[in-house]
2 protein chains.
Amino acid sequence: MPVGLGDEDIERLEQVTRKKKILKAGDTLFRAGDPFSNLYAIRSGSFKSAVIGADGDTQVTHFALPGELLGLDAYSGGSHPGYAEALEDSSVCVLPFTQLENLAQQVPALQKQIYNIFSEELKQDSDVLLLLGKRSAEGRLAALLINISSRYARRGYSASEFKLSMQRIDIANYLGLTAETVSRLISRFQKQGLIRVQGRSITILDLIALSELAGTHCSYENG
Amino acid sequence: MPVGLGDEDIERLEQVTRKKKILKAGDTLFRAGDPFSNLYAIRSGSFKSAVIGADGDTQVTHFALPGELLGLDAYSGGSHPGYAEALEDSSVCVLPFTQLENLAQQVPALQKQIYNIFSEELKQDSDVLLLLGKRSAEGRLAALLINISSRYARRGYSASEFKLSMQRIDIANYLGLTAETVSRLISRFQKQGLIRVQGRSITILDLIALSELAGTHCSYENG
DNA sequence: CGCTTAATTGACTTTCCTCAAACCTGGTGG
DNA sequence: CCACCAGGTTTGAGGAAAGTCAATTAAGCG
């Protein structure tokens, strides 16, 4: 993932990235309150991360796909604010943060890369906020599908055909909807010829129409 | 804001933090697309930041209060993904990031502090997601009030009495609601004796009841 | 003091949630 | 190999919540 480093630096970095971890579907990578020690880069599979509110209800905050990073939000508090659970059989690369930090102190390019990762994460969060800001359920789901599609595309996977590894109820929770609504919408999108769904695998047939659903329908201020 | 630094380091840091900027209500601190060069620490006043979606509709992503930081999400892309606008007459401290970065390279404690700020920001975002995850409008608004209250408290301001400097439509946009709904809820909260509202200044009368509104009402899975 | 913009309130409509039932799908055991 | 079971998903009907449209009141500002 890191780019712009010298060969020697990369070699040193590889020492940090040696440790791998395999998880089965449903396994938790870390739990809320676990001490922060590692970052996790997803090599294969996918995860959901969620926080548990003071009142005990769960909120899914992210879906993490191959090539993406998990655990960064634990830095400040020293412990993970939420948990991460594998949505399917997955494997991650374990990155001990203190080692990474030390190395970064010596390698400015890596330093910048770390800032980059942090900032990337922040930007992704603001994308999510944009997504959740869509008032209609339709817009939200469309936006999520596009979001996931583009994230796959970005890492070199197919943008139009992928597996929605999370279950409906997780999508619903994430979008602030109910599983029923999500299910209905998926059916509708399919009837409209926007997507094709086969269980959990999904094909995007009409990205443009989908984008319009995600975008338009919001006759709000153009601030 | 930075803690855990030596006296000498702090002095060097102060050279970085000399520049101030004054803004009137409605002024923009930076616009979407502006190159990333500075971070901004809010000395007084408050800001909203918002992103503009591909379709042109605006989504308010943050409200920034005194003592908080703005602009961090611009790092990765090299430019600001959204704009920031002063909600009232405000003053900020301008922090040139390259200078900060260089200094951090020499001062590990500052380095950690920067990570901390990044991570803090991420954690705050996940709080926001938790907030937006509340399905009822009532719960969302209650959660926002509590969130703002606690952020004021944290910086040493009164937790129970403060100014809601943003206008209703911004709150609505932020929460994924309409201005009318927000207005109705505020009225209702007032009738119920939870808050007192005088234009934009607000007094929290019953934090406990408010917390219950924010928390409960979500008969969801207890994950 | 009048004008403009923001906030509130009301009546009505739409959307989404709730509750409930039926339906797949994958795994287990007879 | 098939029946059965459990969890997840889909679909339907009815109700509650929030949105829309429109009118009124309040608040800022020159």
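The structure presented is a predicted model; accordingly, all values stated were derived computationally and were not measured. A, B, ... follow the sequence lines: proteins, then strands. Residue 1 opens every chain.
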### Query
In terms of the angle between their ring planes, are A:His80 and A:Tyr40 parallel, tilted or perpendicular, with boundaries placed at 30° and 60°?
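Plane angle between 30° and 60°, so tilted.
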### Query
Relative to the ring of A:Tyr75, is the ring of B:Tyr115 parallel (under 30°), tilted (30 to 60°) or perpendicular (over 60°)?
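Geometry flag for A:Tyr75 against B:Tyr115: perpendicular rings.
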### Query
Would you find a donor on one side and an acceptor on the other, under 3.5 Å apart, between the side chain of B:Thr203 and the backbone of B:Ser160?
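Judged by distance alone, no pair lies under 3.5 Å.
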#### Entry: Side chain A:Ser149, main chain A:Leu145, donor-acceptor under 3.5 Å
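The answer is no, because no donor-acceptor pair under 3.5 Å joins these two groups.
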### Bend angle of the helix from C:dC1-D:dG30 to C:dG30-D:dC1, from helix axes over five pairs at each end, nearest 10°
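The angle separating the two end axes equals 40°.
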What is the distance, to the nearest angstrom, from the [atom1] atom on [X] to the [atom2] atom on [N]?
X: B:Arg135; N: D:dA17; atom1: CZ; atom2: C1'; value: 13 Å
X: B:Lys24; N: D:dG28; atom1: NZ; atom2: P; value: 19 Å
X: B:Asp89; N: D:dG28; atom1: CG; atom2: P; value: 14 Å
X: A:Leu164; N: D:dG8; atom1: CG; atom2: P; value: 16 Å
X: A:Glu180; N: D:dT9; atom1: CD; atom2: P; value: 11 Å
X: B:Glu88; N: D:dC29; atom1: CD; atom2: P; value: 12 Å
X: A:Ile169; N: D:dT10; atom1: CD1; atom2: C1'; value: 14 Å
X: B:Asn173; N: C:dA6; atom1: CG; atom2: P; value: 14 Å

### Message
Please determine whether side-chain contact (heavy atoms from CB on, under 4.5 Å) holds for the pair B:Val92 and B:Leu70, giving the CA-CA distance in whole Å, both sets of side-chain angles, and the decisive distance to 0.1 Å.
### Response
CA-CA 9 Å; B:Val92 299; B:Leu70 274 169; 5.7 Å; no
### Message
Taking atom CZ as the centre, does A:Arg200 end up with more than 12 heavy-atom neighbours from other residues, nucleotides or ligands that are less than 6.0 angstrom away?
### Response
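Check passes, neighbour count above 12.
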#### Entry: NZ (A:Lys20) with more than 12 external heavy atoms under 6.0 Å
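Counting other residues, nucleotides and ligands, NZ of A:Lys20 exceeds 12 neighbours.
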### Phosphate contact (C:dC17 OP1 or OP2) by A:Thr178 side-chain N/O below 4.0 Å
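Affirmative; the distance criterion is met.
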### Message
Side-chain N or O of A:Arg168 versus OP1/OP2 of D:dT10: is the shortest distance under 4.0 Å?
### Response
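Checking D:dT10 against A:Arg168, a side-chain N or O does come within under 4.0 Å of OP1 or OP2.
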### Query
Is B:Gly139 touching bases, backbone alone, or none of the nucleic acid, heavy atoms closer than 4.0 Å?
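No contact.
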### Query
Taking the side chain of B:Leu177 as heavy atoms from C-beta outward, which of C:dA7, D:dG19, C:dC17 is closest to it?
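Output: D:dG19.
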#### Entry: Closest to side chain of B:Ser183, choosing from D:dT9, C:dC17, C:dT8
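Of D:dT9, C:dC17, C:dT8, C:dT8 is nearest to the side chain of B:Ser183.
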#### Entry: Strand-adjacent residues in residues 184-201 of chain B, judged by heavy atoms under 4.0 Å from DNA chain D
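Going residue by residue through residues 184-201 of chain B, the ones with a heavy atom under 4.0 Å of DNA chain D turn out to be B:Arg184.
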### Message
Quick one about A:Ser46 and A:Ser165 (side-chain donor to acceptor, distance below 3.5 Å, no hydrogens or angles considered), yes or no?
### Response
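Yes.
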### Query
Looking at side-chain heavy atoms only, is the closest gap between B:Glu68 and B:Gln124 below 4.5 Å?
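B:Glu68 reaches B:Gln124 side chain to side chain.
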